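Keep in mind the model is a prediction, meaning the values are calculated, not measured. The sequence lines fix the lettering, A, B, ..., with proteins before strands; numbering per chain opens at 1.
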2 protein chains.
Amino acid sequence: MGNSRVTVREIARLAGVSVATVSRVSNGTGQVSAELRQRVLDAIELHGYQPDHLGRALAARRHGALGLVFPGLSGPYFSELIQGFESEAVPARASVHILCTHLREDSDAQVLEMARRVDGIAVMGGTISEAALLRLADLVPVVVLAGQGRDAVPSVGVDNATAMGRLTSHLLTEHGLRDLAFVGTPEGSPDVSQRWAGFLAAHRELGLTPPGEPVRVSMQQPDGVLAAEQLLRDRRPPDAIVCANDEIALGALVGALGRGLRVPQDLVITGFDDAPMAALVSPPLTTVRQPVRELAAEAARLILRAASTPDAPAPDSIVLPTELVVRRSCGCPTGTPTGGTGK
Amino acid sequence: MGNSRVTVREIARLAGVSVATVSRVSNGTGQVSAELRQRVLDAIELHGYQPDHLGRALAARRHGALGLVFPGLSGPYFSELIQGFESEAVPARASVHILCTHLREDSDAQVLEMARRVDGIAVMGGTISEAALLRLADLVPVVVLAGQGRDAVPSVGVDNATAMGRLTSHLLTEHGLRDLAFVGTPEGSPDVSQRWAGFLAAHRELGLTPPGEPVRVSMQQPDGVLAAEQLLRDRRPPDAIVCANDEIALGALVGALGRGLRVPQDLVITGFDDAPMAALVSPPLTTVRQPVRELAAEAARLILRAASTPDAPAPDSIVLPTELVVRRSCGCPTGTPTGGTGK
DNA sequence: ATGGTGCCTGAAACCGGTTTCTGTTAACCG
DNA sequence: CGGTTAACAGAAACCGGTTTCAGGCACCAT
């Protein structure tokens with residue numbers, strides 16, 4: 001220990017100056033004569049003084065911290081998300097508080113509690129109730145990450161419906177597939193809900209009848225294995241498995257190959273996210289690329305800005321572009337450069 | 001807004017009592033008459049007063065927050081880790097601050113900075129310098145997660161060397177394999193370093209010559225694909241690929257299968273961690289189970305305890321048991337119950 | 001000599017809580 | 001009825017910083 005218990009008043013006494021002067025020196029604000037400055041710097045150096053964060057935060061009435069709330073952690077998606085958020089927060093000298101809500105039932109209360117410890121919060125879509133979100137926005141700047149904003153709560157996301165519609169159309173028109181299964185739980189998150197909607201819309205636009213129900217599973221690789229086994233056990237398996245994300249697709253691929261099927265000859269599989277593995281499996285996965293890291297970074301920037309200008313008008317929501325990435329798992333010969341950019 | 005700017009003094013004024021009484025009521029400490037208590041509760045309710053965390057933390061001289069420092073995020077390992085940590089911290093009303101150091105070069109400074117905002121920190125082994133670790137331990141309670149503790153800094157981990165030694169011996173003796181490759185970067189983390197050491201030791205115990213160098217890659221699935229391709233391109237590929245974790249192994253499996261090899265007939269692959277996917281791929285992965293979530297939870301408990309009893313002696317390091325999980329990727333016929341428990 | 005202007009400096013107030021310490025009142029006891 | 005004690009309430013100090021405000025001083029122009 002040693003440097004832990006040193007306060008401004010202590011340094012002030014040792015340097016023979018007032019606390020105001022110590023504060024000015026340690027912050028570089030205001031005018032201090034060269035002599036006093038040196039005396040203070042010496043005392044600070046000698047005793048290893050570091051201003052206490054709490055005192056400073058209390059006086060400044062800002063925490064210097066950002067919150068990130070998500071349902072759970074799984075796969076490269078959340079890794080990217082957290083890292084994107086962090087990469088923006090830390091240079092702004094803001095620490096990052098996290099909260100996984102899926103572990104507990106009283107997540108609304110937890111999030112509200114978090115609001116009193118940070119300057120702003122990014123909440124993943126669908127993790128807390130609508131009511132809690134509004135109360136939250138009342139307390140601190142909030143942005144919804146990958147979900148629908150509401151009133152004064154801006155959101156950052158991609159146009160999932162259009163992107164998934166484009167992918168689905170590709171399967172229906174280019175490959176003439178007619179029996180597609182959708183794997184993912186629309187009720188689980190706004191992302192999946194929109195992807196499911198885009199999947200349905202693409203069918204209807206072509207006058208086709210989409211499947212009535214998706215295969216509801218979670219978003220991790222093991223769930224994809226499970227889903228594939230369930231679908232392939234059926235007497236009449238689908239032509240294609242359209243997965244809500246790459247993790248599911250990777251799992252489904254493992255499941256399908258494990259049953260001796262050939263992809264894409266016997267079964268087409270597609271994903272969403274363009275995770276690093278998508279390009280490396282065989283066959284490489286046809287998917288939709290979305291800029292996850294950039295999404296989170298954008299959210300962090302929005303919050304930081306809102307926190308520093310308290311009375312500014314609520315910023316607009318942001319929609320980042322996606323890109324259809326056609327590889328071999330859909331049946332295309334090879335990396336056909338059909339890559340269309342979503343809005 | 002509305003409830004954001006209400007302070008104790010405000011409530012005290014409105015309820016016609018002193019701030020001390022408001023504080024007593026809102027904390028349930030001390031004695032307050034039924035009448036005053038009700039007046040205060042009404043005022044609190046009416047104005048939606050919530051005590052400010054900073055004021056409270058400053059007075060209590062504790063932050064009510066824990067820090068978690070890791071190199072980067074990747075795969076189920078870190079998900080488990082974070083969730084295990086969080087599951088222990090949140091019920092203790094402590095928020096969780098995270099810091100990914102691999103994104104920046106000045107991580108030592110960042111960690112030291114974090115120390116002034118939390119009551120204790122868990123640092124993944126190998127993420128910061130030895131010097132920084134010691135300085136850190138000077139400021140707040142610290143525990144090293146999956147790494148070597150030092151002096152008064154306790155650690156929580158598993159016996160990687162023994163576990164990997166057991167796995168390696170299994171391949172060498174049960175399956176008679178002689179040409180094993182190790183994939184992973186020992187310099188990258190204490191975990192891998194110990195696993196490499198165990199791999200080498202198992203060879204030497206049997207009087208065999210281990211490979212001189214590991215295949216140095218990172219710890220993610222794509223790296224496993226890469227490593228497999230590199231090894232299999234060689235004129236004389238190994239009999240077995242012993243991977244530093246399951247992610248690498250899963251990638252290697254994909255890479256091997258993609259090249260038309262049969263596992264385990266043509267090539268044996270093993271992992272470490274027992275990630276959820278390990279049991280689901282074909283063939284299922286032989287690996288070592290370690291209680292990652294429990295590891296992190298234990299670390300959180302250690303820190304919380306140390307933070308609440310400042311002058312207690314430094315707790316002992318903790319080593320949790322591992323379990324060899326034999327599945328089919330090593331060549332065993334099926335789920336042979338050879339599962340031996342490591343110390 | 002006088003008044004004005006800037007530059008430094010420190011006392012004190014402030015951020016929003018908790019806690020000690022003192023004093024009042026009422027209850028209880030012999 | 002006097003005296004001790006317990007319960008309760010509030011004033012003020014405190015946690016560790018920042019910032020306002022007023023005063024002192026040197027310097028310059030009238």
Enumerate the residue pairs fulfilling side-chain hydrogen bond (donor to acceptor under 3.5 Å, both in side chains) with a member in residues 295-310 of chain A, sequence neighbours excluded, ordered by first and then second residue.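 For residues 295-310 of chain A, and leaving out neighbouring residues, the side-chain hydrogen bond (donor to acceptor under 3.5 Å, both in side chains) pairs sorted by first residue read A:E88-A:R301, A:E294-A:R301, A:E298-A:R301.
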Which residue pairs pass the side-chain hydrogen bond (donor to acceptor under 3.5 Å, both in side chains) test with at least one member in residues 57-74 of chain B, sequence neighbours excluded?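 Matches after skipping sequence neighbours: B:H63-B:D119.
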Between D:dG10 (C1') and B:R13 (CZ): distance, integer Å: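 Atom CZ in B:R13 sits about 17 Å away from atom C1' in D:dG10.
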How long is the line joining CD of B:Q31 and C1' of D:dA7, in whole Å?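 Taking atom C1' of D:dA7 as the reference, CD of B:Q31 is at 7 Å.
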Excluding sequence neighbours, so at least two apart, what forms side chain to side chain contact (heavy atoms under 4.5 Å, CB included) with B:S107?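 B:T101.
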Please determine, by modelled atom types, if A:Q83 and B:H102 share a side-chain donor-acceptor pair under 3.5 angstrom.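 Yes - a donor-acceptor pair under 3.5 Å links their side chains.
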Once you round to the nearest 0.5 Å, how far does CZ of B:F70 lie from CD1 of B:I98?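 Reported to 0.5 Å precision, the distance equals 4.5 Å.
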Inter-end axis angle, the helix from C:dA1-D:dT30 to C:dG30-D:dC1, with every axis fitted to five base pairs (rounded, 10 degrees):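 Inter-axis angle at the termini of the helix from C:dA1-D:dT30 to C:dG30-D:dC1: 60°.
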On a heavy-atom basis, which atom in A:G75 and which in A:S79 lie closest, and how many Å separate them?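 Closest heavy-atom pair between A:G75 and A:S79: O-OG, 3.4 Å.
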Minimum heavy-atom distance between A:R117 and B:G64, given as atom pair plus value: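 Looking at all heavy atoms of both residues, the shortest contact is NH1-O, 2.6 Å.
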When you check every protein heavy atom under 4.0 Å of nucleotides 15-26 of chain D, what one-letter string (B, S, -) results, 5' to 3'? BBBBBB------
Does a side-chain N or O from B:S33 land closer than 4.0 Å to OP1 or OP2 of D:dA9, or not?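 So the side-chain polar atoms of B:S33 do come within 4.0 Å of the phosphate oxygens OP1 or OP2 of D:dA9, strictly under.
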Which pairs, with at least one residue in residues 45-57 of chain B and sequence neighbours excluded, count as a salt bridge (charged side-chain N to carboxylate O under 4.0 Å, His left out)?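 Qualifying pairs, neighbours excluded: none.
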